[in-house]
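What follows is a short report on a single structure.
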Amino acid sequence: MDSIISRVILPGVGPVCPECLSRGHLPALRLSPREVYSFGLTEPQSQLDWDVDAARALIAARPRTTQRLDPVWLNNWLTERTSVTAEHLDHIPADKLDEPAILVEIMAGPPGAIPQPFRILIDGTHRAASKQRDQQDCWAYLLTEEEQRSICTYRVEGQVVEVSTFPGRGVGEREAGIILRSAAASDAVA
C-alpha cells in the first residue's frame, strides 16, 4: 500500500510530497498536469490509460448517483492493485476529501478463461485510502461502458489498438446511476 518514493527534493523548494507535486498542489510551483490513470495487464502485455479530466467532464455533463464502495473490495484494491503514498493522505485538501472517486468496469481474465467483470478505481485512490483509514464510507461514480471506452487508450506491446469487446452491453446508464430527465420535466422547462 506504500509508494517507493516518499519525497522529492526540488531545488529552491526543498522536500515535497510526490503526490502533491504530480497533482499541482504546491503553491511554490503551480502546475496543471493532465490526469491520466494507467492500469497494466501482463497477458498480453498491455496498458489501459483513462483520461481522468475527461471522465470528470462526462460526469458533470450527465449527473449520476454515487455508489458506496464495498469496504472488502476497497481494501483488496488498495493493498493488491495499487500503491498509496501514506504520507500524502494528510495532504489531501479538506474540500477534496468528500469528492467521490471514479470507477470503471472492464471484462478481464487470464488467457483462455472466460472474461469476468473487473472494476478499476481510476480516480480517488488516496481519498479512498484516507476514508478507509478513518473508517468512513467511500463513494464513487461509475462510468458506463460507452463512457469509459470513449476516454480510454489501449496499448498492446506499446501499440495503440482497439479495446476488445465481449458479448453483452456492459455497464449501462441504469447501472451507472445516471439521472435521466423525464419528458415531462423537459417539457416543463421548455
Side-chain angles (χ1 to χ4, degrees), residues 1-6 17-23 25 33 35-42 46-60 62-110 113-149 151-152 154 163 166 168 170-179:
M1 186 165 164
D2 292 326
S3 172
I4 295 171
I5 300 173
S6 61
C17 168
E19 295 297 330
C20 290
L21 174 64
S22 73
R23 287 163 175 71
H25 295 307
E35 277 194 69
V36 173
Y37 180 82
S38 299
F39 189 82
L41 302 169
T42 55
S46 54
Q47 180 173 310
L48 297 145
D49 297 318
W50 287 274
D51 183 332
V52 176
D53 297 321
R56 289 184 184 129
L58 289 169
I59 292 164
R62 294 177 43 163
R64 63 202 71 209
T65 58
T66 54
Q67 300 182 10
R68 181 178 168 270
L69 295 178
D70 174 56
V72 173
W73 177 87
L74 181 58
N75 184 61
N76 288 339
W77 177 260
L78 293 172
T79 57
E80 298 174 14
R81 301 286 182 183
T82 193
S83 63
V84 171
T85 305
E87 298 83 6
H88 178 64
L89 300 184
D90 294 324
H91 302 162
I92 300 170
D95 63 327
K96 297 286 186 188
L97 267 177
D98 289 327
E99 184 179 309
I102 303 174
L103 193 63
V104 298
E105 184 175 284
I106 64 169
M107 298 295 286
I114 297 172
Q116 299 294 316
F118 180 73
R119 289 192 165 188
I120 299 173
L121 199 59
I122 67 167
D123 178 58
T125 299
H126 282 88
R127 294 189 307 273
S130 177
K131 292 272 192 185
Q132 184 187 49
R133 176 195 68 189
D134 297 342
Q135 298 179 345
Q136 297 176 358
D137 287 339
C138 185
W139 299 82
Y141 294 115
L142 177 62
L143 297 182
T144 67
E145 173 73 14
E146 183 180 301
E147 289 172 329
Q148 74 90 8
R149 287 174 62 86
I151 63 165
C152 183
Y154 181 50
V163 177
F166 297 94
V171 175
E173 291 179 342
R174 173 185 255 179
E175 295 87 0
I178 293 177
I179 300 166

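This structure is a prediction, so every number in the text was calculated from the model and none was measured.
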**Request:** Determine whether Gln148 and Ile106 make a side-chain contact, defined as any pair of heavy atoms from C-beta on separated by less than 4.5 Å.
**Result:** yes
**Message:** Testing the basics here: between Ala140 and Pro100, what is the closest heavy-atom pair and its distance to 0.1 Å?
**Reply:** CA-CB, 4.2 Å
**Item:** Name of the residue among Ile120, Asp49, Leu48 meeting side-chain contact (heavy atoms from CB on, under 4.5 Å) with Tyr37
**Value:** Ile120
**Item:** Flag, side chain of Arg64 to backbone of Leu142, donor-acceptor distance under 3.5 Å
**Value:** yes
**Contact summary for Gln47 and Ser38, nearest pair of heavy atoms** = NE2-OG, 3.5 Å
**Request:** For residues Gly124 and Ala101, report the shortest heavy-atom separation together with the two atoms involved.
**Result:** CA-CB, 4.1 Å
**Message:** I'd like to check the side-chain contact (heavy atoms from CB on, under 4.5 Å) partners of Ala54; sequence neighbours left out, ordered by chain and number.
**Reply:** Asp51, Ile151
**Asked** Heavy-atom distance under 4.5 Å between the side chains of Asp123 and Glu99, does that happen here?
**Response** yes
**Request:** State, yes or no, whether a side-chain contact exists between Glu147 and Ile178 at a heavy-atom distance under 4.5 Å.
**Result:** yes
**Prompt:** When rounded to the nearest 0.5 angstrom, what distance separates SG in Cys152 from CZ in Phe39?
**Reply:** 11.5 Å
**Asked** Charged N to carboxylate O below 4.0 Å: is that the case for Asp98 and Lys131?
**Response** yes
**Asked** When you look at CD1 of Ile179, are more than 12 heavy atoms from neighbouring residues, nucleotides or ligands closer to it than 6.0 Å?
**Response** yes
**Distance in Å, His126 NE2 paired with Leu78 CG, rounded so as to fall on 0.5 Å steps** = 9.5 Å
**CZ-CG distance between Arg119 and Asp70, expressed to the nearest 0.5 angstrom** = 10.0 Å
**Request:** Examine distances only and state if a side-chain atom of Gln67 and a backbone atom of Glu175 form a donor-acceptor pair shorter than 3.5 Å.
**Result:** yes
**Prompt:** Would you call Pro117 and Met107 a side-chain contact if the rule is heavy atoms closer than 4.5 Å?
**Reply:** yes
**Asked** Does any non-hydrogen side-chain atom of Tyr141 lie less than 4.5 Å from one of Leu58?
**Response** no
**Request:** Give the C-alpha distance, both sets of side-chain angles, the deciding distance and a yes or no for side-chain contact (heavy atoms from CB on, under 4.5 Å) between Ile102 and Leu143.
**Result:** CA-CA 7 Å; Ile102 303 174; Leu143 297 182; 4.0 Å; yes
**Prompt:** Are any of the side-chain heavy atoms of Glu105 and Leu103 separated by less than 4.5 Å?
**Reply:** no
**Item:** Greater than 12 external heavy atoms within 6.0 Å of Gln136's CD
**Value:** yes
